[in-house]
Protein chains: 2
Amino acid sequence: MRRDSFQAIADPTRREILQMIAYKPLNINSVTEKFDVSRTAIYKHIKILTECGLITVKQQGRERYCEAKLDKLKEVADWVEQYRKIWTERLDSLDDYLIQIQTKEK
Amino acid sequence: MRRDSFQAIADPTRREILQMIAYKPLNINSVTEKFDVSRTAIYKHIKILTECGLITVKQQGRERYCEAKLDKLKEVADWVEQYRKIWTERLDSLDDYLIQIQTKEK
DNA sequence: TTTTTAGGAAACCAAAAGGTTTCATAATAT
DNA sequence: ATATTATGAAACCTTTTGGTTTCCTAAAAA
């Protein structure tokens, strides 16, 4: 199975989890309590996030604290940002023109 | 099924498709030819991208040109960017400190 | 020392994802 | 007029996803 940041943040629940722990680590049960779905379901999401490196877990007694490693989002940020100037500057009419050209060429 | 930009770009093939048409629209068959998987498989990816608004299709004779609408990536860009200063500025030792605090509080 | 509490993991399930082959149709090219 | 090309769509298949319930263990609290 794919385990990268793109796939990790595709799920809205996982985005929420990252949001929750972005500024302050939380133990696993604190995270799971905030959701309607079962603890095990959230636990699995946390596991996936851990496998992607977006979370690291630190043991503290019997509790395990989830800490967001948001630099792993850089992969996504870089990919998206390469297109920013296109979406901010492009004139749609150019596309139409390019389509015309390509059709004519044949 | 979920149909948003996050889910759309989770698949590497769909990211490649967007890359291909980012600067110049291509007709559907031109896109499908560049991949190892079947035409129909790629066609489905294009359909998903269309449903998300990341692609629009323009008819030109019997051909249909795919045009990237990259501004739909803004949703992803915004979400990711809100965390950039965290991953660039955060000191990991702060997390450890916060975990200590929370454990003590009980 | 008993009882909670935090976390881990297995077994199972339905739906979604990603792929295939096959067939159909409407423009174009020959 | 016929063959080819570009696309659409149905039927089908396997694996992954996201969820559940259940059971287990170890630390901490009463």
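Following rounding to the nearest Å, A/F35 (CZ) and D/dT20 (C1') show an atom-to-atom distance of 17 Å. The nearest whole Å value for the distance from the CD atom in A/Q59 to the C1' atom in D/dT25 is 13 Å. Between A/E63 atom CD and C/dT5 atom C1' there is a gap of 9 Å when expressed in whole angstrom units. Note: CG (B/D36) to C1' (C/dT20) measures 15 Å, nearest angstrom. Rounded to whole Å, the distance from NZ on A/K58 to P on C/dG7 is 16 Å. Nucleotide D/dT7 holds its P atom 5 Å from the CD1 atom of B/I28, rounded to whole Å. Between B/I48 atom CD1 and C/dG19 atom P there is a gap of 9 Å when expressed in whole angstrom units. In this structure, A/D11 places its CG atom 14 Å from C1' of C/dA15, rounding to the nearest Å.
Under the 4.5 Å side-chain contact rule for hydrophobic residues, A/I48 and A/L73 do not share a cluster.
Considering B/R3, B/K44, B/R14, B/R2 as possible partners of B/E51, the one that fulfils the salt bridge (charged side-chain N to carboxylate O under 4.0 Å, His left out) test is B/R3.
Toward the 5' end of DNA chain D, the nearer of the two residues B/K44 and A/T40, judged by each one's closest nucleotide, is B/K44.
Put simply, B/H45 has a side-chain N or O that comes within less than 4.0 Å of OP1 or OP2 on C/dG19. In terms of phosphate contacts, A/Y43 brings a side-chain nitrogen or oxygen within less than 4.0 Å of OP1 or OP2 of C/dA9. Distances shorter than 4.0 Å separate none of the side-chain N or O atoms of B/N27 from OP1 or OP2 on D/dA6. Of the side-chain N and O atoms in B/S38, one or more sit less than 4.0 angstrom from OP1 or OP2 of C/dT20. When the side-chain nitrogen and oxygen atoms of B/R39 are compared with OP1 and OP2 of C/dT20, none of them lie within a distance under 4.0 Å. Phosphate proximity of D/dA6 to B/Q60: absent, as no side-chain N or O sits under 4.0 Å from OP1 or OP2.
The shortest distance between side-chain heavy atoms of A/I42 and A/I28 does not fall below 4.5 Å. B/H45 has its side chain out of reach of B/F35: every pair of non-hydrogen atoms, C-beta onward, lies at least 4.5 Å apart. Within the 4.5 Å cutoff, the side chain of A/Q7 has heavy atoms near those of the A/C52 side chain.
Across all strands shown, A/R2 has heavy atoms under 4.0 Å from sugar-phosphate atoms exclusively, and none from any base. Among the heavy atoms of the strands, none lies under 4.0 Å from B/E33.
In terms of polar N and O atoms assigned as donor or acceptor, the side chain of A/R62 comes within less than 3.5 Å of the base of C/dT5 in a complementary pairing.
Nearest to the side-chain atoms of A/N29 among the listed nucleotides C/dA6, D/dT7, C/dG19 stands C/dA6. Side-chain atoms of A/M1 lie closest to D/dT17 of the nucleotides D/dG18, D/dA9, D/dT17. Of the candidates C/dA17, D/dT17, C/dG7, the closest approach to any side-chain atom of B/Q7 belongs to C/dA17. For B/K47, the side-chain atoms get nearest to D/dA9 when compared with the rest of D/dG19, D/dA9, C/dA6.
Although no hydrogens or angles enter the test, the distance criterion places a donor-acceptor pair under 3.5 Å between the side chain of B/S5 and the main chain of B/K72.
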